[in-house]
Amino acid sequence: MEAIKTEEQFNEIIASEDPVIIKFYADWCPDCKRMDMFIGDILEQYNNYDWYEINSDEVQGLAEKYEVMGIPSLLIFQNGEKLAHRHSAYTKTPDDVLEFLQEELA
């Protein structure tokens, strides 16, 4: 998963014609660390998509702009538009994340 370090980089990435998946996280977040333990298998399963992560504390303003109220959150973008959003309460297990991806990327 490639890290996004600037708002400019974020805007370039979400402009993709193909769907891209972005994880919003923070270093202090225990649920983010839990997700990190299982996300690798999901990345392998969905390796035909580009995955990125952005630290909400390091790149200010984007979480608010895209209504990320809790972390970790997974968002799917295409052509600069937010297509789907899975909030933190629904990203706690591999099944939660897989269900989201199957619904939104089918």
Side-chain angles (χ1 to χ4, degrees):
M1 201 176 300
E2 185 180 333
I4 297 173
K5 296 294 186 187
T6 67
E7 187 171 348
E8 294 75 24
Q9 182 188 12
F10 177 85
N11 290 331
E12 283 175 30
I13 288 165
I14 67 168
S16 169
E17 290 183 11
D18 297 316
V20 294
I21 304 162
I22 299 179
K23 177 182 86 169
F24 281 76
Y25 77 99
D27 292 334
W28 51 264
C29 162
D31 287 337
C32 299
K33 292 184 186 348
R34 188 174 311 125
M35 179 189 270
D36 287 343
M37 293 188 318
F38 67 75
I39 198 75
D41 292 338
I42 295 171
L43 286 169
E44 284 179 28
Q45 199 171 335
Y46 282 85
N47 65 3
N48 52 326
Y49 294 96
D50 289 331
W51 288 76
Y52 300 91
E53 62 183 5
I54 186 164
N55 187 322
S56 300
D57 292 337
E58 290 177 6
V59 185
Q60 299 288 318
L62 289 175
E64 293 80 8
K65 181 176 181 178
Y66 291 101
E67 300 172 341
V68 176
M69 303 301 180
I71 50 174
S73 282
L74 292 176
L75 285 71
I76 301 173
F77 289 90
Q78 187 174 12
N79 297 318
E81 302 275 324
K82 180 170 84 168
L83 302 181
H85 187 160
R86 186 69 142 206
H87 290 280
S88 56
Y90 306 104
T91 60
K92 293 189 186 297
T93 69
D95 288 343
D96 288 340
V97 173
L98 285 168
E99 177 184 304
F100 168 68
L101 296 172
Q102 288 161 358
E103 286 173 9
E104 300 300 337
L105 297 171

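This is a predicted model, so every value here is computed, not measured. When reading the values below, keep in mind they use all heavy atoms of this one structure, side chains included, and skip hydrogens, waters and symmetry mates.
In this structure, the side chains of H85 and V68 come closer than 4.5 Å at one or more pairs of heavy atoms. Using a 4.5 Å heavy-atom threshold, the side chains of F24 and Y52 count as separate. Here the side chains of F38 and V97 are in contact, with some heavy-atom distance below 4.5 Å. I39 has its side chain within reach of M1: a pair of non-hydrogen atoms, C-beta onward, lies under 4.5 Å apart. L62 places a side-chain heavy atom less than 4.5 Å from the side chain of I54. The shortest side-chain heavy-atom distance between I76 and F100 falls under the 4.5 Å cut-off. Using a 4.5 Å cut-off on side-chain heavy atoms (C-beta onward), I4 and I22 make contact. Between E67 and K82 there is a side-chain heavy-atom pair separated by less than 4.5 Å.
The main-chain N or O of G70 is found under 3.5 Å from a side-chain atom of S73 such that the two form a donor-acceptor pair. When atom types are taken as modelled, the side chain of Q60 and the backbone of D57 share a donor-acceptor pair closer than 3.5 angstrom.
Ring geometry for F10 against Y66 counts as tilted: the plane angle lies between 30° and 60°, on a 0 to 90° scale.
For Y46, the OH atom sits in a packed shell: over 12 heavy atoms of surrounding residues, nucleotides or ligands are nearer than 6.0 Å. With a 6.0 Å radius and a threshold of 12 heavy atoms from other residues, nucleotides or ligands, E17 has its CD atom at or below the threshold. Heavy-atom contacts from other residues, nucleotides or ligands closer than 6.0 Å to CD of E81 number 12 or fewer.
Residues W51 and Y49 come closest through the heavy atom pair CD1-O, 3.3 Å. For the pair E58 and D27, the tightest heavy-atom approach, listed with the atom from each and the gap, is OE2-OD2, 4.3 Å. Of all heavy-atom pairs spanning C32 and A26, the tightest one is SG-N, 3.7 Å. Considering every non-hydrogen atom in both D31 and P72, the closest pair reads CB-CD, 3.6 Å.
The pair D36-K33 does not meet the salt-bridge criterion, since no charged nitrogen lies less than 4.0 angstrom from a carboxylate oxygen. In summary, R86 and E104 do not engage in a salt bridge, as defined by a charged side-chain N under 4.0 Å from a carboxylate O.
Linking Ile, Leu, Val, Met, Phe, Trp and Tyr whenever their side-chain heavy atoms come within less than 4.5 Å leaves Y90 and M35 in two separate clusters. L43 and I21 fall within a single hydrophobic cluster, where Ile, Leu, Val, Met, Phe, Trp and Tyr side chains are chained together by heavy-atom contacts under 4.5 Å.
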(message) Using the rule given for side-chain contact (heavy atoms from CB on, under 4.5 Å), can you reason through T93 versus R34, listing the C-alpha separation, both sets of side-chain angles and the distance that settles it, and then say yes or no?
(response) CA-CA 8 Å; T93 69; R34 188 174 311 125; over 6 Å; no
(request) Any chance you could lay out the side-chain contact (heavy atoms from CB on, under 4.5 Å) test for E2 and Q9, step after step, and finish with the verdict? (result) CA-CA 11 Å; E2 185 180 333; Q9 182 188 12; 3.7 Å; yes
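In this structure, CG on N11 lies 8.5 Å from OG1 on T6, to the nearest 0.5 angstrom.
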